[in-house]
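Before any comments, here is the structure.
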Amino acid sequence: MAPGEKIKAKIKKNLPVTGPQAPNIKELMQWYCLNTNTHGCRRIVVSRGRLRRLLWILFTLTAVALIFWQCALLISSFYTVSVSIKVHFQKLDFPAVTICNINPYKYSAVRHLLADLEQETRAALKTLYGFSEITSRKRREAQSWSSVRKGTDPKFLNLAPLMAFEKGDTGKARDFFTGRKRKVNARIIHKASDVMHIHNSKEVVGFQLCSNDTSDCAVYTFSSGVNAIQEWYKLHYMNIMAQVSQEKKINMSYSADELLVTCFFDGVSCDARNFTLFHHPMYGNCYTFNNRQNETILSTSMGGSEFGLQVILYINEEEYNPFLVSSTGAKVIIHRQDEYPFVEDVGTEIETAMATSIGMHLTESFKLSDPYSQCTEDWSDVQITNIYNATYSLQICLHSCFQAKMVENCGCAQYSQPLPRGADYCNYQQHPNWMYCYYQLHQAFVREELGCQSVCKEACSFKEWTLTTSLAQWPSEVSEKWLLSILTWDQSQQIKKKLNKTDLAKLLIFYKDLNQRSIMENPANSIEQLLSNIGGQLGLWMSCSVVCVIEIIEVFFIDSLSIIARHQWHKAKGWWARRRAPACPEAPRAPQGRDNPSLDIDDDLPTFTSALSLPPAPGSQVPGTPPPRYNTLRLERAFSSQLTDTQADHLPPLTACP
């Protein structure tokens with residue numbers, strides 16, 4: 001080693017190495033604790049006594065754990081929202097109003113299509129409840145259905161047999177066709193409420209549905225015979241009407257001139273031309289006021305019943321189907337112009353001989369999308385095909401999903417307008433298994449087994465109208481005579497009879513005030529607030545700042561890893577140097593004393609005289625101390641072993657010969 005290198009190594013050996021250049025992790029941690037601003041760490045090193053040092057270690061670790069816990073809570077609650085409510089007073093757009101008669105088609109127009117179904121329904125009612133002069137229950141039950149039908153084979157009761165079950169005995173049922181009991185090998189699905197027990201009837205009425213090969217059957221029972229008969233009738237009714245063309249069904253339903261007797265909006269008279277036809281499979285012809293198909297959207301400048309929509313509807317109870325609907329009136333649904341009106345799900349029913357006033361309050365909601373919630377703005381992130389050609393809503397998505405499942409599993413659709421692509425309405429001629437398939441899917445949909453509820457999301461922005469309904473008798477007794485006479489005269493071209501108050505219903509829809517309430521979601525936190533809260537936790541528990549955090553990252557991660565990497569590098573470097581070092585050549589043997597030919601001694605010891613007479617050996621050396629064998633000296637880094645790894649970095653590598 002050069003003299004200068006020896007001096008440097010001696011200086012490094014005498015000076016302490018601290019800080020990030022510390023030779024090991026222990027000295028690095030000791031240096032950090034003595035120089036950091038986090039007081040707990042400093043107290044661990046400077047405290048005297050094991051107990052005090054142990055307590056400070058415990059306090060410091062507890063503070064660190066609390067910091068991590070509080071910061072985790074802050075980060076996990078970052079995507080929370082705050083709700084703000086604003087109220088605006090302004091001129092409001094009037095919503096779209098869809099009005100449907102509860103009875104979808106005129107009874108006189110569809111009676112010939114439903115004649116066989118009604119005949120079997122009346123016969124089933126007679127068998128079960130005895131709508132005749134026969135008072136004996138035993139005679140009613142024993143009476144054969146064939147005697148009522150005069151030997152004809154029932155069509156609809158064969159497709160879905162009506163049955164009556166004795167309470168507690170689900171293995172046998174009384175068939176309405178024969179009036180006798182028979183075995184039932186099918187699953188029993190009760191359609192009554194699971195929350196409330198209605199009554200303790202001795203019999204439970206239901207009907208049986210089977211697949212095409214009759215290998216799988218299910219019996220749907222109801223807590224009331226009224227519900228069972230209506231549901232059974234409705235299934236066959238849908239099958240019959242599915243075979244009628246759309247044009248014929250529109251002609252069999254109510255026209256706008258028939259349904260709308262008078263119309264008045266915002267102080268201006270209106271008529272059927274202000275309404276748009278909308279045909280519903282179960283409600284027939286419906287009419288929408290202020291629809292988006294019109295050129296402009298109507299608005300109202302003041303609140304109150306006089307500045308809203310006022311209509312008088314002709315209900316015509318005489319044309320009602322007795323088995324399909326059991327109430328009289330109309331159904332009204334208020335919705336956006338670009339929203340599909342689901343009349344069968346929502347809506348307000350209005351009574352005849354009554355004036356129904358519906359006051360509205362508009363509320364507009366705006367929600368934050370992902371990652372704050374799972375709402376969606378449109379159909380882009382929902383894997384469901386929109387078949388209704390309307391803006392997105394959760395209800396539209398669920399209906400579209402159910403109709404897609406119907407088409408996929410049953411081959412047909414129900415309650416959809418328009419129909420899904422490539423599908424038609426369910427009927428026995430083209431889809432003989434649809435009734436059983438429909439009920440199975442409906443049960444799965446209610447139990448959320450179809451996956452529609454998990455796929456569909458709530459809309460991020462929507463409008464809703466809070467409705468307040470009030471009723472008043474209309475017309476009054478004192479005005480009934482003249483009012484009905486004038487209305488009869490006004491509608492003489494459309495209605496060929498004298499009107500009475502049970503044929504009419506009055507509807508008033510208006511804004512109670514022009515205050516629009518907006519509910520908006522805003523992010524409750526921001527990056528600045530998050531950093532501020534984390535800094536507050538650091539200062540509270542450990543008197544630490546952001547600079548201290550950077551220091552911790554540098555010492556515990558960068559410097560510690562650097563020391564570990566440096567140790568590993570030196571080990572690898574030494575191993576590589578030893579592997580690549582060339583082998584030292586064997587030094588020639590130096591002649592030893594016994595190897596000197598001049599010192600060869602004969603067996604006969606020479607005498608003094610003979611020794612003097614011997615000639616000197618050529619090239620012989622003077623006997624003396626034999627030279628050392630250099631190949632026996634092995635240098636094993638003796639000097640470097642006295643230095644630390646940091647001090648040894650500046651020494652030249654020593655090559656040892658094997």
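Note: hydrogens, waters and symmetry copies are ignored here, and every other heavy atom, side chains too, is used. All residue numbers refer to positions in the sequence shown, counting from 1.
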Taking S253 for the side chain and G284 for the main chain, is one N or O donor matched with an acceptor at less than 3.5 Å? no
Would you say the side-chain atoms of T276 and T288 include a donor-acceptor pair closer than 3.5 Å? no
For the pair N533 (side chain) and Q529 (backbone), establish whether a donor and an acceptor sit closer than 3.5 Å, ignoring hydrogens and angles. yes
Atom CD of Q453 with >12 non-hydrogen neighbours under 6.0 angstrom: yes
Give the ring-plane orientation class for F342 versus H399, where under 30° counts as parallel, over 60° as perpendicular and anything between as tilted. parallel
Does the SG of C412 lie under 2.5 Å from the SG of C426? yes
Short side-chain to backbone donor-acceptor contact, E521 and V81, under 3.5 Å: no
Taking the six-membered ring for Trp and the full ring for Phe, Tyr or His, determine whether the centres of F265 and F289 are under 6.0 Å apart. yes
Would you say the ring centers of Y340 and Y388 fall short of 6.0 Å from each other? yes
Please list all pairs passing the side-chain hydrogen bond (donor to acceptor under 3.5 Å, both in side chains) test where one or both residues lie in residues 363-373, with sequence neighbours left out. T363-R517, E364-Q516, K367-E458
Without hydrogens or angle criteria, can the side chains of N101 and Y320 be said to hold a donor-acceptor pair below 3.5 Å? yes
Run the ring-centre check on Y439 versus Y220 and record whether the distance is less than 6.0 Å. yes
When the ring planes of H280 and Y283 are compared, do they come out parallel, tilted or perpendicular, using 30° and 60° as the limits? perpendicular
Would you check, one step at a time, whether the test salt bridge (charged side-chain N to carboxylate O under 4.0 Å, His left out) holds for K106 with E258? CA-CA 11 Å; K106 299 176 187 176; E258 290 176 329; 2.9 Å; yes
SG-SG under 2.5 Å, C100 vs C286: yes
Under a 3.5 Å cutoff, is there a donor and acceptor pairing between the side chains of T376 and D381? yes
